[in-house]
K.L.:
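After the structure tokens below, expect a handful of questions from me.
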Number of protein chains: 2
Amino acid sequence: MIKKIERRPRREESLSRERIIEASIALLDEGGEGALTFRSLSERLATGPGAIYGHIANKGDLMAAACDAIFQRTVDVGVAGDSPRDIIRAVALAMFDAMDAHPWVGSALAWNAGQLTMVRILECLGRQLRALGVPAQRHWATVSVLLNYILGVGGQNAGNAQAARAHGGTGASRDAVLGAIADAWMRLDADEYPFVRAVAAQMRAHDDRVDFLAGINLILNGLDAGYAAPPIA
Amino acid sequence: MIKKIERRPRREESLSRERIIEASIALLDEGGEGALTFRSLSERLATGPGAIYGHIANKGDLMAAACDAIFQRTVDVGVAGDSPRDIIRAVALAMFDAMDAHPWVGSALAWNAGQLTMVRILECLGRQLRALGVPAQRHWATVSVLLNYILGVGGQNAGNAQAARAHGGTGASRDAVLGAIADAWMRLDADEYPFVRAVAAQMRAHDDRVDFLAGINLILNGLDAGYAAPPIA
DNA sequence: ACCTGAACACCGTTCAAGT
DNA sequence: ACCTGAACACCGTTCAAGT
């Protein structure tokens, strides 16, 4: 008799929190926020809707865990040797890219200060601020400005992605949405809305990532001038 | 016979878009995001769920209109004679206060560039940037930084309000939530998370409105230094 | 102990039927 | 023309019943 190697059949990897989160991310990436359902999820996992509750508390918990998984490696992008400003820019861009690739993250992302990932990002950004010489009593206010800006852009991106999805496919529909807005702006009254009319062309052609980085730089530049109300213009 | 003045009975103000939006805002203020339902709304308006669709397209439209109504007067806060920076601060604070008083606005607020209110805010902020001497080719990038920051803070406030509502009433529960987070931060590993531990106390005691204004000032200060990557630290 | 899936109490939206 | 409200196709969540 041929000696069969004792390789236990290793049954179809059983239900686990990781497998649930992995499947959730796949569903969200494929179909957007509305595509994650306890029914669609349990179908993909070949189980019943109730089984999921053995591993996660509720849908909010599930969404938070999925966001956490997306941000998992975001903090490690800072290469040793870079300046504090470079590290902040790198981490911010990594967060932007993650939220750009998975737009549903932006809308589901409240502070979630309980999640360890957010704490890790906070720690990373905070250390750079310390290295930049931000005085200790302003540490909290300063990191929270950075994080609020980053998460705010993510949330707006999420809204845009949802609008683009509603108006059509994934590719050129963003241009179509932006173009329609720009056209509407051009039709506004010239006396009442001169600025919006003038800025419409820039809006139509803008690059989200470039503008995002410009905002980070603006905040970093502002650090040098401190928090006091600036001199009267 | 007494001459009755021809004052037509003016039947119980009939269903209208304004009345629907007004009732929606009341429901959202009283019970948060989950309290607005076509059933709860139609009950309050003493009608059937279907009647509402005669005046609004769908729930997204309803939420957008409610947000719009909240921001209606936000732009008029700038008093003539104030400096551009003062006007920007005043408008930003007015938006913060509106989103603070109606936390559901923050989470429902995507760009919504179609809404006239958002265009008006854009126009107001943009004019001040022009007055501050921001070069024309940077107009769009700069207003979008301001707006993304403002809307981002609003979104985070919305998340906090929802968390506070879940954990208890309205008053001291915010302190409880913040306190619980700060306590958790204090228990983190001292070698791995020195910054987060050190900043926990500030976080516990922070004032959202003060920090928000600090962020606006940071951005305004950054304007003077331009958009180029700052010198290596 | 863990999975199953019918059942419950909702939800947004529609539409024949009324007035 | 406009309102009505039952009905439809969902949703998150629960829980007796199975294995």
Side-chain angles (χ1 to χ4, degrees), chain A residues 8-28 30-67 104 107-108 110 112 159 162-163 165-167, chain B residues 8-28 30-67 104 107-108 110 112 159 162-163 165-167:
Chain A
R8 34 176 166 44
R10 202 189 240 293
R11 52 170 295 196
E12 280 291 357
E13 199 180 359
S14 81
L15 205 54
S16 70
R17 195 168 212 272
E18 288 77 42
R19 240 163 66 80
I20 291 171
I21 292 168
E22 175 196 9
S24 301
I25 291 173
L27 282 168
L28 289 163
E30 290 164 21
E33 309 187 41
L36 177 61
T37 282
F38 277 84
R39 278 164 183 82
S40 65
L41 183 57
S42 64
E43 189 186 357
R44 179 160 298 207
L45 292 167
T47 180
I52 296 165
Y53 284 89
H55 301 86
I56 62 136
N58 50 46
K59 190 163 188 187
D61 182 32
L62 180 56
M63 288 299 292
C67 291
W104 49 271
S107 55
N112 239 336
Q162 206 174 0
R165 192 183 292 273
H167 278 248
Chain B
R8 33 177 167 45
R10 202 190 242 292
R11 52 170 295 197
E12 279 291 358
E13 201 181 356
S14 80
L15 206 54
S16 70
R17 199 176 153 90
E18 287 77 40
R19 240 163 65 78
I20 291 172
I21 292 167
E22 175 195 10
S24 300
I25 291 173
L27 283 168
L28 288 163
E30 290 164 20
E33 309 187 41
L36 178 61
T37 282
F38 277 84
R39 280 164 184 83
S40 66
L41 183 56
S42 64
E43 189 186 359
R44 179 160 299 206
L45 292 167
T47 179
I52 296 165
Y53 285 88
H55 301 86
I56 62 137
N58 51 45
K59 191 163 187 186
D61 180 33
L62 180 57
M63 288 299 292
C67 291
W104 48 272
S107 55
N112 237 338
Q162 206 174 0
R165 191 183 293 273
H167 277 249

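No experiment lies behind these values; they were computed from the predicted model shown. The chains referred to below are lettered A, B, ... by the order of the sequence lines, with proteins before strands, and numbering in each begins at 1.
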K.L.:
How would you label the contact of A:L41 with the nucleic acid (heavy atoms, under 4.0 Å): base, sugar-phosphate, or nothing?
P.N.:
nothing
K.L.:
Could you tell me how far apart A:H55 (NE2) and C:dT4 (P) are, to the nearest whole angstrom?
P.N.:
11 Å
K.L.:
Restricting to non-hydrogen atoms, name the atom on B:L62 and the atom on B:S24 that form the minimum distance, rounded to 0.1 Å.
P.N.:
CD1-OG, 3.4 Å
K.L.:
Quick one: A:L45 CG to C:dT4 P, roughly how many Å, whole number?
P.N.:
10 Å
K.L.:
Using atom OH of B:Y53 as one end and atom C1' of D:dG5 as the other, report the distance to the nearest whole Å.
P.N.:
14 Å
K.L.:
Go through D:dT13, D:dA7, D:dC3 for me and flag the one nearest to the B:R39 side chain.
P.N.:
D:dA7
K.L.:
Report the distance from atom CG of A:N58 to atom C1' of D:dT14, rounded to the nearest whole Å.
P.N.:
13 Å
K.L.:
Could you state the atom-to-atom distance from NZ of B:K59 to P of D:dC10 in whole Å?
P.N.:
19 Å
K.L.:
Do any side-chain nitrogens or oxygens of B:T47 fall under 4.0 Å of OP1 or OP2 in D:dC3?
P.N.:
no
K.L.:
Quickly work out the B:R17 CZ to D:dC2 C1' distance and round it to whole Å.
P.N.:
18 Å
K.L.:
Between A:N58 and A:D61, which heavy-atom pair has the shortest distance, and what is it?
P.N.:
OD1-N, 2.9 Å
K.L.:
Of the listed nucleotides (C:dT13, C:dC8, C:dT4), which one gets closest to any side-chain atom of A:A51?
P.N.:
C:dT4
K.L.:
Rounded to whole angstrom units, what separation is found between the CG atom of A:L62 and the C1' atom of D:dC11?
P.N.:
14 Å
K.L.:
Regarding B:L36, tell me which of base, sugar-phosphate or nothing describes its non-hydrogen contacts under 4.0 Å with the strands shown.
P.N.:
sugar-phosphate
K.L.:
May I have the distance from A:F38 (atom CZ) to C:dG5 (atom C1'), rounded to whole angstrom?
P.N.:
15 Å
K.L.:
Which base sits across from D:dG18 as a Watson-Crick or G-U pair, both distances under 3.5 Å?
P.N.:
C:dC2
